[in-house]
Amino acid sequence: MTVSKKAYTKEDIMRIAKEENVRFIRLQFTDLLGTIKNVEIPVSQLEKALDNKMMFDGSSIEGYVRIEESDMYLYPDLDTWVVFPWVTEDRVARLICDIYLPDGRPFPGDPRGILKAALKEAEEMGFTEMNVGPEPEFFLFKTDENGNPTMELNDQGGYFDLAPMDLGENCRREIVLTLEEMGFEIEASHHEVAPGQHEIDFKYESAIKAADQIQTFKLVVKTVARQHGLHASFMPKPLFGVNGSGMHCHQSLFNGKTNVFYDESDRLGLSATARQYMAGILHHARAFAAITNPTVNSYKRLVPGYEAPCYVAWSASNRSPMIRIPASRGLSTRVEVRNPDPAANPYLALAVMLKAGLDGIKNKMQLPAPTDRNIYVMSEEEREEQGIPSLPGDLKQALDELMRDDVICDALGEHALAHFVELKEIEWDIYRTQVHAWERDQYLTLY
């Protein structure tokens with residue numbers, strides 16, 4: 001098995017492909033909605049792909065371009081080369097690609113490129129690295145005799161439970177082993193709070209690699225689950241009455257090897273930069289929610305009572321606000337933003353959070369006082385008194401907030417913003433005009 005390393009050359013990849021008997025290569029990229037797409041090529045075309053000469057039709061991809069301007073080029077990132085560990089007769093490898101226009105310019109609607117642009121701005125401000133530790137959660141459902149997902153969970157386990165309660169343990173263990181074979185450094189894996197819910201935490205990485213890893217993680221989880229007769233879902237709130245799935249994002253900024261979020265002289269060990277970054281996140285939270293929580297279903301998770309943060313506040317000790325400061329200090333000093341969910345496009349989510357934080361630093365925003373009380377038990381009046389707003393209540397509110405925020409709109413760029421909002425307004429309208437089972441149950445016999 002070929003484990004990812006720091007840098008591959010074109011020659012390395014050609015040699016490994018031959019040694020490992022790779023027959024096909026998936027050139028992967030991500031559409032605006034966060035769905036992994038790929039162009040699969042035979043190994044005979046690998047050299048052409050490595051020379052950035054592989055073209056595809058962008059008009060068939062959500063949020064890309066119209067049919068009359070559809071030609072696009074895939075530029076593989078050589079460091080993302082990996083041979084998939086699930087062995088079939090024809091071995092398959094993958095490369096994650098950036099999207100370029102025929103004239104050699106980066107395509108402005110490429111989510112990976114949008115994150116790179118935000119990171120470039122951070123670098124211009126003296127921050128050479130954004131480190132991110134994501135925590136995507138997921139549910140495992142049983143499948144029927146045709147392999148289609150059911151709503152039946154495969155266990156009744158709870159937080160940190162072991163077998164026999166946690167029947168997903170074998171599947172989760174195999175996911176971990178597969179991820180490790182693909183170069184992930186796994187820090188923890190456990191059953192989450194809700195029955196059938198799981199979390200696997202991997203070590204923080206630089207922002208681009210972290211977003212790449214989230215996409216690879218989803219692919220591995222779904223593939224291994226299917227081999228166990230299960231369906232893995234990253235839907236934010238698949239079941240009523242239990243916790244939904246989040247994707248908390250731990251983040252910090254570095255200058256070289258120095259964590260600029262740490263200040264040992266501060267009572268909480270947080271630098272002025274960290275506080276300004278957090279102030280920026282809180283200031284823009286209602287606007288970037290449309291990106292970090294991008295579906296109608298996302299807002300079913302962001303309700304009180306299920307550990308999901310629905311209030312725009314921070315604390316070093318309390319898990320009810322949107323931002324928590326984990327206890328580790330020194331190089332591990334970081335900000336945990338808790339509202340994102342795993343339906344988010346990770347490239348766009350990291351880009352808008354970074355731009356929000358950078359705006360806080362640029363404008364030296366003042367961080368409000370921490371909220372160390374449980375916000376869920378506060379009355380609306382108490383929250384208002386303490387200046388604690390809520391995140392948007394639904395996708396429509398979130399889209400309205402997004403369009404009012406120049407910083408977050410600028411982070412996405414005109415092309416991605418226009419296409420994203422158009423797609424999401426269609427989603428909202430379809431949802432808004434549907435008649436749902438709850439309405440029939442509630443009203444059909446009543447009226």
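Note that these values count all heavy atoms, side chains included, but never hydrogens, waters or copies made by symmetry. Everything numeric in this text was worked out from a predicted model, so none of it was measured. Residue indices begin at 1 and follow the sequence shown.
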Taking the side chain as C-beta and beyond, is there a heavy-atom pair between Val335 and Ile281 under 4.5 Å? no
Does Glu185 CD have over 12 foreign heavy atoms under 6.0 Å away? no
Considering only heavy atoms from C-beta outward, does the side chain of Val220 approach that of Phe217 to under 4.5 Å? no
Any non-hydrogen side-chain atom of Val242 less than 4.5 Å from a side-chain atom of Leu239? yes
Can a donor-acceptor pair be found, under 3.5 Å and without considering hydrogens, that links the side chain of Asn293 to the backbone of Asn339? yes
Tell me whether the rings of Phe138 and Phe234 are parallel (<30°), tilted (30 to 60°) or perpendicular (>60°). tilted
Is a side-chain N or O of Asn259 found less than 3.5 angstrom from the main chain of Thr333, in a donor-acceptor match? yes
Check ring pair (Phe, Tyr, Trp, His ring centres under 6.0 Å) between Tyr100 and all other residues, then give those that pass, not counting sequence neighbours. Tyr75
Scanning both residues in full, the closest heavy-atom pair of Ile408 with Leu402 reads CG2-CD1, 3.5 Å
The residue among Lys396, Gln397, Arg404 that forms side chain to side chain donor-acceptor pair (under 3.5 Å) with Asp400 is Lys396
Looking only at the aromatic ring of each residue, does the gap between the centers of Tyr431 and His436 stay below 6.0 angstrom? yes
Selection residues 416-426 - residue pairs positive for salt bridge (charged side-chain N to carboxylate O under 4.0 Å, His left out), sequence neighbours left out: Lys424-Glu427
OG1 of Thr273 to CG of Leu253: how many Å apart, nearest 0.5 Å? 8.0 Å
With distance as the sole test, does Gln215 use its side chain to make a donor-acceptor pair with the main-chain N or O of Gly34 at under 3.5 Å? yes
Is it the case that Asp359 and His284 place a side-chain donor and acceptor less than 3.5 Å from each other? yes
Do Phe240 and Trp438 have their ring centres less than 6.0 Å from each other? no
Hey, could you give me the CG/CH2 distance between Leu399 and Trp428, rounded to the nearest 0.5 Å? 9.0 Å
Glu40 atom CD, over 12 foreign heavy atoms within 6.0 Å: yes
For Pro326 versus Arg334, what's the shortest heavy-atom pair and its separation? CD-O, 3.4 Å
Are Gln28 and Thr80 side-chain neighbours, meaning at least one heavy-atom pair lies under 4.5 Å? no
Would you find a donor on one side and an acceptor on the other, under 3.5 Å apart, between the side chain of Thr223 and the backbone of Leu219? yes
Salt bridge (Lys or Arg N to Asp or Glu O under 4.0 Å) with Arg94: which residues, sequence neighbours excluded? none
Residue pair Glu174 / Cys171, side-chain heavy-atom distance below 4.5 Å: no
Heavy-atom pair with the smallest gap, counting every atom of Ser271 and Asp263: CA-CB, 3.6 Å
Would you call the rings of Phe141 and Phe139 parallel, tilted or perpendicular, taking 30° and 60° as the class edges? parallel
Is there a side-chain contact between Ile186 and Leu179 in this structure, where contact means two heavy atoms from C-beta onward sitting under 4.5 Å apart? yes
On a heavy-atom basis, the closest approach of Ala211 and Leu115 is CB-CD2, 4.2 Å
Donor-acceptor pair, distance only, cut-off 3.5 Å: does the side chain of Thr150 make one with the backbone of Asp144? no
Minimum side-chain heavy-atom gap Leu348-Leu32 below 4.5 Å: yes
Please tell me if the side chains of Phe254 and Thr258 come closer than 4.5 Å, counting only heavy atoms from C-beta onward. no
The reported gap from CZ in Phe127 to CG in Leu354 (rounded to nearest 0.5 angstrom) is 9.5 Å
Pairs touching residues 211-227 that satisfy salt bridge (charged side-chain N to carboxylate O under 4.0 Å, His left out), sequence neighbours left out: Arg112-Asp212
Qualifying salt bridge (charged side-chain N to carboxylate O under 4.0 Å, His left out) pairs, either residue in residues 285-304, two or more places apart: Arg286-Glu401
Going from SG on Cys310 to CG on Leu391, what distance comes out if it is rounded to the nearest 0.5 angstrom? 7.0 Å
Apply the test salt bridge (Lys or Arg N to Asp or Glu O under 4.0 Å) to residues Lys203 and Glu205: give CA-CA distance (whole Å), side-chain angles for both, the deciding distance (0.1 Å), then the verdict. CA-CA 6 Å; Lys203 191 179 179 190; Glu205 281 285 0; over 6 Å; no
Test side chain to side chain donor-acceptor pair (under 3.5 Å) applied to Asp394 - qualifying residues, sequence neighbours left out: none
Whether Asp201 side chain and Glu187 backbone form a donor-acceptor pair below 3.5 Å: no
Applying salt bridge (Lys or Arg N to Asp or Glu O under 4.0 Å) to Asp103 and not counting sequence neighbours gives Arg105
Once salt bridge (Lys or Arg N to Asp or Glu O under 4.0 Å) is applied, do any residues pair with Lys362, and if so which ones, sequence neighbours excluded? Glu121
Going by the angle between their ring planes, with limits at 30° and 60°, are His415 and Phe107 parallel, tilted or perpendicular? perpendicular
Separation of Asn148 CG from Thr143 OG1 (nearest 0.5 Å): 8.0 Å
Measure across Met353 and Tyr277 and return the closest heavy-atom pair with its distance rounded to 0.1 Å. O-OH, 3.8 Å
Any chance you could measure Ser245, atom OG, to Asp341, atom CG, to the nearest 0.5 Å? 8.5 Å
Any idea which heavy atoms bring Pro321 and Pro309 closest together, and the distance? O-CB, 3.6 Å
Basic-acidic side-chain contact under 4.0 Å: Lys116, Asp98: yes
Would you find more than 12 non-hydrogen atoms of other residues, nucleotides or ligands less than 6.0 Å from Gln366 atom CD? no
Steps toward salt bridge (Lys or Arg N to Asp or Glu O under 4.0 Å) verdict (Lys209, Asp79): CA-CA 9 Å; Lys209 188 162 184 186; Asp79 295 344; over 6 Å; no
Qualifying residues under side chain to side chain donor-acceptor pair (under 3.5 Å), relative to Thr295, sequence neighbours excluded: Ser298
What pairs meet the salt bridge (charged side-chain N to carboxylate O under 4.0 Å, His left out) rule with one or both residues in residues 429-445, with sequence neighbours excluded? Asp429-Arg432
Residues that Arg329 engages under salt bridge (Lys or Arg N to Asp or Glu O under 4.0 Å), provided they are two or more places apart: none
Answer yes if the side chains of Glu135 and His250 hold a donor-acceptor pair under 3.5 Å, and no otherwise. yes
Counterpart residues, side-chain contact (heavy atoms from CB on, under 4.5 Å), relative to Ala279 (two or more places apart): Met365, Leu367
Report the C-alpha separation of Ile323 and Arg338 in whole Å, then their side-chain angles, then the decisive distance to 0.1 Å, and conclude whether the side chain to side chain contact (heavy atoms under 4.5 Å, CB included) test is met. CA-CA 6 Å; Ile323 294 180; Arg338 298 168 58 81; over 6 Å; no
Is atom CE of Met403 surrounded by more than 12 heavy atoms (other residues, nucleotides or ligands) closer than 6.0 Å? no
